[in-house]
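Okay, structure first, notes after.
In what follows, every chain begins at residue 1, and chains take the letters A, B, ... in the order their sequences are listed. Atoms considered below: every heavy atom in the structure, side chains included; atoms not considered: hydrogens, waters and symmetry mates.
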Protein chains: 2
Amino acid sequence: MKTADPELMRAINRFHVMDAIRRFGPISRVEISQFTELSPTTVSAITAALLDDRLIIPIQEGALRDAGRGRPRVMLRLNPEAAFVVGVKLAPDQITVATTNFCADVLQSLTLPIRIDRQPAPVIADLVEDGVRQCVSDARLPMAKIAGICVGLPGIVERAAGVCRQSPIFSERDVNFGADLTKRLGVAVSIDSDVNLVTLAEHWFGQARGLNDFLVVSVEHSLGLGILHNGELFRGANGLSPDFGDVMVRPPGSGGGRLSAWASEASVLSEVEAALRGSGHEAAFRDGRGMALLLQLAAAGDQRCIGILASAGEALGFAIANLITLFAPPKVIVAGRAMAASAFFIGPLRETIAALVPASLADVAEIVVREWSDGIWGRGAAAMTLRDLYGAPWGTTGPAPNRGPLGLITGDSH
Amino acid sequence: MKTADPELMRAINRFHVMDAIRRFGPISRVEISQFTELSPTTVSAITAALLDDRLIIPIQEGALRDAGRGRPRVMLRLNPEAAFVVGVKLAPDQITVATTNFCADVLQSLTLPIRIDRQPAPVIADLVEDGVRQCVSDARLPMAKIAGICVGLPGIVERAAGVCRQSPIFSERDVNFGADLTKRLGVAVSIDSDVNLVTLAEHWFGQARGLNDFLVVSVEHSLGLGILHNGELFRGANGLSPDFGDVMVRPPGSGGGRLSAWASEASVLSEVEAALRGSGHEAAFRDGRGMALLLQLAAAGDQRCIGILASAGEALGFAIANLITLFAPPKVIVAGRAMAASAFFIGPLRETIAALVPASLADVAEIVVREWSDGIWGRGAAAMTLRDLYGAPWGTTGPAPNRGPLGLITGDSH
DNA sequence: AGATTTAATACGCATAGCGGATAAATACAA
DNA sequence: TTGTATTTATCCGCTATGCGTATTAAATCT
């Protein structure tokens, strides 16, 4: 039970101030006071402390000379050099690493196109460790300057415990990846569901800026679901991130009715491969060009391919419609690599959602399709770590990370 | 944006103290201090204020003379007479009203077996108004002593706005039932999904005491879903309570795949009625004895009836399995009137859940079947209102009800 | 240059929670 | 019976917080 003391009070308000500065770029104290509804006095006190700790910096000049009349407002912004963090994204066939500054600007990124799925966890940890060290070094930073690292990966992740319960990446279960990497790198490493990272990124920088409720559905090799609910990342009991692929979309009968068997790239590809067997396309699948081939054939009018994409879209639409019924989010962001952009997939998806969402919720949810750059994962991972550094006091996001009053901030903290 | 000031601090801590007193019966200040992790000094100050406002009272004597040695601890408990509230539950064929005290003990209850579904909203409001006045009068209380009223009803309810978006009770949509009754009765009336009431009741008094995550599924004329997540009632964006019956459990194809078409008593009965047409049982359905007949026939081995109950259980199991995938709750409470207790329904339900919950979540959720008394609705409605009176400051439960610092407490608030 | 206007801060106040000292109320022991 | 030990509850002083008012700072306008 969290007891409310003056310290918590200050933590809450400081977080609000930090959040206002992060969201509204260079911003004056008066504006912060308006946004946060804190008194100018309090804002002044808090920003003074933040300036003292060098978490924020005043903007030199060139301040907007607009209002004209009185004393000009001093604009404040995050100090990009206040801290640096590293974001890592693990996909079955690729490791992406990004080093960012305190504003979540990517300083340096690194992509390793390696198939890591079904590798033993220690091997993966080796690769991640090397990747992180390389990426940090490329950014001309010593490891000591890194204030935190976040690793995103598909599957069921228990962030609080730093444990990956199950993932297409790992053959093992209950991999304590967070603690392992923390020991290896000497920096606090948190792990989270990959979709949660991009959900936070969309919330901070993307299409859902300022939106307190929305869903993110990622369609990649496997399926991911991120939920922002009441301004917070949604997690199940014990902080478990749900695995969207495990949702049932069809009666169990033949072949399993889980979403992952219908709408993931893996399932679609294996279905197409089976359908095209003996037609001379084996090489394409072997080389990882299966999805491109599928989309190409569909565009050429191949009914089997169109049908496969359509059933995938319908199955996903079924699942999303149920989520809309539960969460009533005003926005749903669907994204992925290639398939998610195809009209043969998105069309049936949209139609299914429109048909299945209950009448009372019709038109509340806007469905947005989006293609992500590699960078967004890194920014999301950065955001996840920065959220803690900014001092979110009530976060259900993670455990109370036993750290000093000002976090793992590098440099002299006064 | 809520600004954190000393007042909020006190509100939070006062709520924690009230909550400890409510949960752990007569309790001493020291124990409160232990449970809340507040300093004894603070607990003393807060309890002094609560005593001053007569929200709590010291227990006279007969204190447990156990520890023996030092100064005996003074036990504190809620003052049952600090306030009185009324809970109302609307079902298609019945209105239940209960007057309770500050401890959510039912003082007087009243059941009106009236078919109200499809009556115009003003008529229903008339009936509710009369019922409330009657029940309050029976409890020998003047209306002025009632601090709040909560009405639970099936369907999609937007508690914050006091509006019922859609309900099997109302033929209209967007019924502003809360404001209407508030005007009629001169007492603050809130409305909520009926399942939310019983969810809160289970959390406060029932099988889920102290459990921060669980699901409640009610199987009555229609289906209801209540979710307690992270210790708070779960609501969709805008505070909308989802309607479980709108969840899809089968592909849309023929006849609609919504859960309400498979597993509600209404759907099961209509299916049975169709199956038995011409077999001389019409009277039973006309008189509302359809469910009893169905269960009786199933018990006698009628395969059609057993099959109907089984598909209902399987469909509900499908939906619950998906919820478990999302929320990972340690407990699921299934309840209702008659059908929910039948092994022909619960058996397939359990089997389906066991089969469909992903392996990684197997055995996390315990499925409990429970039959509710009429009283639980009233206690739940009372709890919902008392929650506000106790001063929950962060509640996503409702809007900030513009009221004095001590709520709608009757009597002299010093 | 002085008036005006707006931004930011200094000062004092009220309230919060907490720690140590103190009072209260009982059981135990001589 | 009286004194001591022990546990509970409160009193007092301390620090931290947010806020309101008055004050200073820094620009524009006249």
Side-chain angles (χ1 to χ4, degrees), chain A residues 1-17 20-21 26-52 56-76 391 393 405-406, chain B residues 1-17 20-21 26-52 56 58-76 391 393 405:
Chain A
M1 207 168 286
K2 230 177 300 185
T3 122
D5 50 11
E7 196 180 323
L8 175 69
M9 222 164 90
R10 193 49 174 274
I12 293 174
N13 289 334
R14 190 176 43 205
F15 179 76
H16 280 151
V17 169
I21 297 174
I27 183 179
S28 67
R29 292 174 175 80
V30 221
E31 292 167 295
I32 296 174
S33 169
Q34 290 161 4
F35 280 121
T36 59
E37 294 177 29
L38 290 165
S39 79
T41 308
T42 304
V43 172
S44 212
I46 291 177
T47 52
L50 294 174
L51 282 164
D52 201 44
I56 62 174
I57 47 178
I59 240 176
Q60 318 305 8
E61 45 233 302
L64 313 174
R65 302 255 44 73
D66 45 358
R69 194 70 164 176
R71 172 176 175 176
R73 24 185 85 171
V74 177
M75 305 307 260
L76 303 171
L406 283 162
Chain B
M1 207 167 288
K2 230 179 302 188
T3 120
D5 49 13
E7 195 179 324
L8 175 70
M9 223 163 92
R10 194 50 175 274
I12 292 174
N13 289 334
R14 189 176 45 206
F15 179 77
H16 280 151
V17 169
I21 297 174
I27 183 178
S28 67
R29 292 176 175 80
V30 224
E31 292 166 296
I32 297 175
S33 169
Q34 289 160 4
F35 280 121
T36 60
E37 296 177 27
L38 291 164
S39 78
T41 307
T42 304
V43 172
S44 212
I46 292 177
T47 52
L50 294 174
L51 282 164
D52 201 46
I56 62 175
I59 240 177
Q60 317 305 7
E61 45 234 300
L64 313 172
R65 301 259 42 76
D66 45 359
R69 193 68 165 188
R71 171 177 176 174
R73 25 185 84 169
V74 177
M75 305 307 260
L76 303 170

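If you take CD1 of B:Ile27 and P of D:dA9, they are 11 Å apart, rounded to a whole angstrom. A:Ile12 places its CD1 atom 14 Å from the C1' atom of C:dA16, with the value rounded to the nearest Å. One atom, CG of A:Leu51, and another, P of C:dA8, lie 11 Å apart when rounded to the nearest Å. The interatomic distance linking B:Met75 (CE) with D:dA9 (P) rounds to 9 Å, in whole Å. In this structure, A:Glu37 atom CD and D:dC19 atom P are separated by 10 Å, rounded to whole Å. In this structure, B:Arg14 atom CZ and C:dT15 atom C1' are separated by 13 Å, rounded to whole Å. Residue B:Glu7 contributes atom CD, which lies 21 Å from atom P of C:dC13 at whole-angstrom precision. The distance from atom CG of A:Leu8 to atom P of D:dT15 is 22 Å, rounded to the nearest whole Å.
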- Is there a side-chain contact (heavy atoms from CB on, under 4.5 Å) between A:His16 and B:Thr3 once you walk through the steps? CA-CA 8 Å; A:His16 280 151; B:Thr3 120; 6.0 Å; no
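Taking side-chain N and O atoms only, A:Asn13 has no distance below 4.0 Å to OP1 or OP2 of D:dT17. OP1 and OP2 of C:dG17 both lie 4.0 Å or more from every side-chain N or O belonging to B:Thr41. A close approach under 4.0 Å does occur between a side-chain nitrogen or oxygen of B:Arg10 and OP1 or OP2 of C:dG17.
A:Met9 has its side chain within reach of B:Pro6: a pair of non-hydrogen atoms, C-beta onward, lies under 4.5 Å apart. Counting heavy atoms from C-beta on, the side chains of A:Leu76 and A:Pro58 come closer than 4.5 Å. Contact check for B:Thr36 versus B:Asn13: no side-chain heavy atoms found under the 4.5 Å cut-off.
Toward the 5′ end of DNA chain D lies the nearest nucleotide of B:Ser28, the other residue of the pair B:Ser28 and B:Asp5 mapping further downstream. Both A:Pro40 and A:Pro6 sit near DNA chain D, but only A:Pro6 has its closest nucleotide nearer the 5' end.
Backbone-only engagement by B:Ala4 is indicated by non-hydrogen atom pairs under 4.0 Å involving sugar-phosphate atoms exclusively.
Comparing C:dG17, D:dG20, C:dA8 by their nearest atom to the side chain of B:Ile46 picks out C:dG17. When distances are taken from the side chain of A:Val74 to each of D:dG18, C:dA8, C:dG17, the shortest belongs to C:dA8. Looking at the side chain of A:Val30, the nearest of the listed nucleotides C:dA7, C:dA16, D:dT8 is C:dA7.
At a cut-off of 3.5 angstrom, counting only N and O atoms as typed in the model, there is a donor on one side and an acceptor on the other between the side-chain of A:Arg71 and the base of C:dA7.
Rounding to the nearest 0.5 angstrom, the gap separating the CD1 atom in A:Ile56 from the CG atom in A:Leu51 is 4.0 Å.
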